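Basis for what follows: all heavy atoms, side chains included, without hydrogens, waters or symmetry-related copies. Note that the structure is predicted; figures quoted are calculated from it, not measured. Lettering follows sequence order; numbering is per chain, from 1.
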Number of protein chains: 2
Amino acid sequence: MGRTQLERKADTRERLVRAAAELFGSLGFHSVSTDAVAARADRTSGAVYAHFGSKQGLLLAVLEEWRSETAADAEVELDAATDLDARTEALWRTLSSRTGERGDAWLMLEMELWLHAARQPELRQLLAERYDEIRHEMAHAFEEWAATAGSSLASPPDEMSTLVLALLLGLGLQRRMEPESVSDELAGRGIRSLLGLGAG
Amino acid sequence: MGRTQLERKADTRERLVRAAAELFGSLGFHSVSTDAVAARADRTSGAVYAHFGSKQGLLLAVLEEWRSETAADAEVELDAATDLDARTEALWRTLSSRTGERGDAWLMLEMELWLHAARQPELRQLLAERYDEIRHEMAHAFEEWAATAGSSLASPPDEMSTLVLALLLGLGLQRRMEPESVSDELAGRGIRSLLGLGAG
DNA sequence: AGAGATATATAGCCTTGCCTATATATCCAG
DNA sequence: CTGGATATATAGGCAAGGCTATATATCTCT
């Protein structure tokens, strides 16, 4: 094919990282061989080592990608919502709909990466940055909501977003074990409580 | 030694499960060999297979133990606290103090087991039951608090406990990546928000 | 005390999978 | 068009570790 070497390389790299993210999330890092990742990317393990040097290097690349990826996603969905209920619901759905859709890929990979980051200091920094970004996105959204509503926020927005992010993650964890225990309605109510908008 | 066979067996089993819990939590299931577990328990891998049949069987035993263990712990700490601030703080500390103390064993094992349960339906049930128990413990405590204070709860207690558990888990996750992002004070405020006691 | 049962230890087979060394395909420069 | 550079594929070495088969220690019961 008439593609430049840089294009070929970039394409392969992207395929490998995507394949790795899918497999690491669904099966776990240690249950996935480099050959399996390569096969899913229509490459061979040679390409993995040419690009990342080691399986660990591949994990690092996945985490780096993950670090910046989802913050943007959430922003899109949030901006689309209009009234408050729709907004809190959208917030929850950015997590829970993915949970249904892609075979739970989202939360599974999040937790897989969290565990690796918790065990390896050099990865921790990256995931910390990811959480920071997400919190800032959310904090920004909250400020806009308040401004639109003409009211002001009860607490500093980045503290609120820490709490809301925590709630979303924790509800996701419970929901994955027992879906009935976490209704959409309950999630929305929880978020509104944290935002200081009454539990009504 | 003059111990009965049942005692010997029970002792070995307990040692193995404890050792496995510690190692699986800190290093991860797949990074720990059966030999390593056995060595930590002052036994050999033969004992592991005599007791559990496989490494997977050992994981199952750890999860079964874990299922019932911590709910009781939390209850103790909660009953000791007197006023509301102390109570919410105790609630948070049951998670966060362990996070410091035992080298983060608690949260790490929790997440390790969550991932395995998320991937294996036969394990999921067990972790779901664990969460149920914890929620019920907490719900019970909330009802007592309300009764003591002479007030009634704004929402059904088991819904509140779902939200509070979610918050605690999520804050633990963030805290492990970036301790500064989750102060004790913030955690307490979040809990009180969810309990409908104002964000003050 | 001694035979049988039970609990744990020892030794090694065999698979898996990470990685390296090398070969081949694809592209770029002159 | 050709030689060098780059990107990917192929093949196999090598270690780790799960598991089994068997041996040994410990207990139980008469």
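For the pair A:Leu16 CG and D:dT8 P, the computed distance is 8 Å after rounding to whole Å. We find that CZ of A:Arg3 is positioned 13 Å from C1' of C:dA25, with the value rounded to whole Å. Remark: C1' of C:dT16 and NZ of B:Lys55 are 13 Å apart, rounded to the nearest angstrom. Computed from coordinates, the A:Leu6 CG to C:dT26 C1' distance equals 13 Å when rounded to whole Å. If you take CZ of A:Phe52 and C1' of C:dT20, they are 18 Å apart, rounded to a whole angstrom. For the pair A:Leu59 CG and C:dC18 P, the interatomic distance rounds to 12 Å; values are reported in whole Å. With rounding to whole Å, A:Arg8 atom CZ is found 12 Å from C:dA25 atom P. In this structure, the CG atom of A:Leu27 is 16 Å from the P atom of C:dT16, given to the nearest Å.
Distance from the side chain of A:Tyr49 is smallest to C:dT20 among C:dT20, D:dT8, C:dT8. When the nucleotides D:dT20, C:dC19, D:dC27 are ranked by their closest atom to the side chain of B:Thr4, D:dC27 comes out on top. Among the nucleotides D:dC27, D:dA9, D:dA7, the one closest to any side-chain atom of A:Lys9 is D:dA7. Checking C:dA9, C:dT20, C:dT26 against the side-chain heavy atoms of B:Arg43 singles out C:dA9 as nearest. When distances are taken from the side chain of B:Ser33 to each of D:dG18, C:dC28, D:dT8, the shortest belongs to D:dG18.
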The test is side chain to side chain donor-acceptor pair (under 3.5 Å); show your working for A:Glu178 and A:Gln174 and say whether it passes. CA-CA 6 Å; A:Glu178 202 178 6; A:Gln174 293 179 71; over 6 Å; no
Check the pair A:Glu180, A:Arg175 against salt bridge (Lys or Arg N to Asp or Glu O under 4.0 Å), reporting the backbone distance first and the verdict last. CA-CA 7 Å; A:Glu180 319 83 72; A:Arg175 193 173 185 275; over 6 Å; no
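Contact detail for B:Ala166 and A:Leu171: the closest heavy-atom pair is CB-N, 3.4 Å.
Of the residues near DNA chain C, B:Gln5 and B:Asp42, the one whose nearest nucleotide (by heavy atom distance) lies more toward the 5' end is B:Gln5. The nearest heavy atom of DNA chain D to B:Phe29 and to A:Thr44 marks one nucleotide each, and the one closer to the 5' end goes with A:Thr44.
Relative ring orientation between A:Trp66 and A:Trp106 is described as tilted, the plane-to-plane angle lying within the 30° to 60° band. Ring-plane geometry between B:His30 and A:His30 is classed as tilted, the angle between the planes lying from 30 to 60 degrees on a 0 to 90 degree scale.
Within 4.0 Å of A:Val32, counting heavy atoms only, lie sugar-phosphate atoms of the nucleic acid but no base atom.
Side-chain nitrogen and oxygen atoms of A:Thr34 include none within less than 4.0 Å of the OP1 or OP2 phosphate oxygen of C:dC19. Between B:Thr12 and C:dA7, a side-chain N or O to OP1/OP2 separation shorter than 4.0 Å is absent. The phosphate of C:dG17 (OP1 or OP2) has no side-chain N or O of A:Ser45 nearer than 4.0 angstrom. Look at B:His30 and you won't find any side-chain N or O under 4.0 angstrom from OP1 or OP2 of D:dA16.
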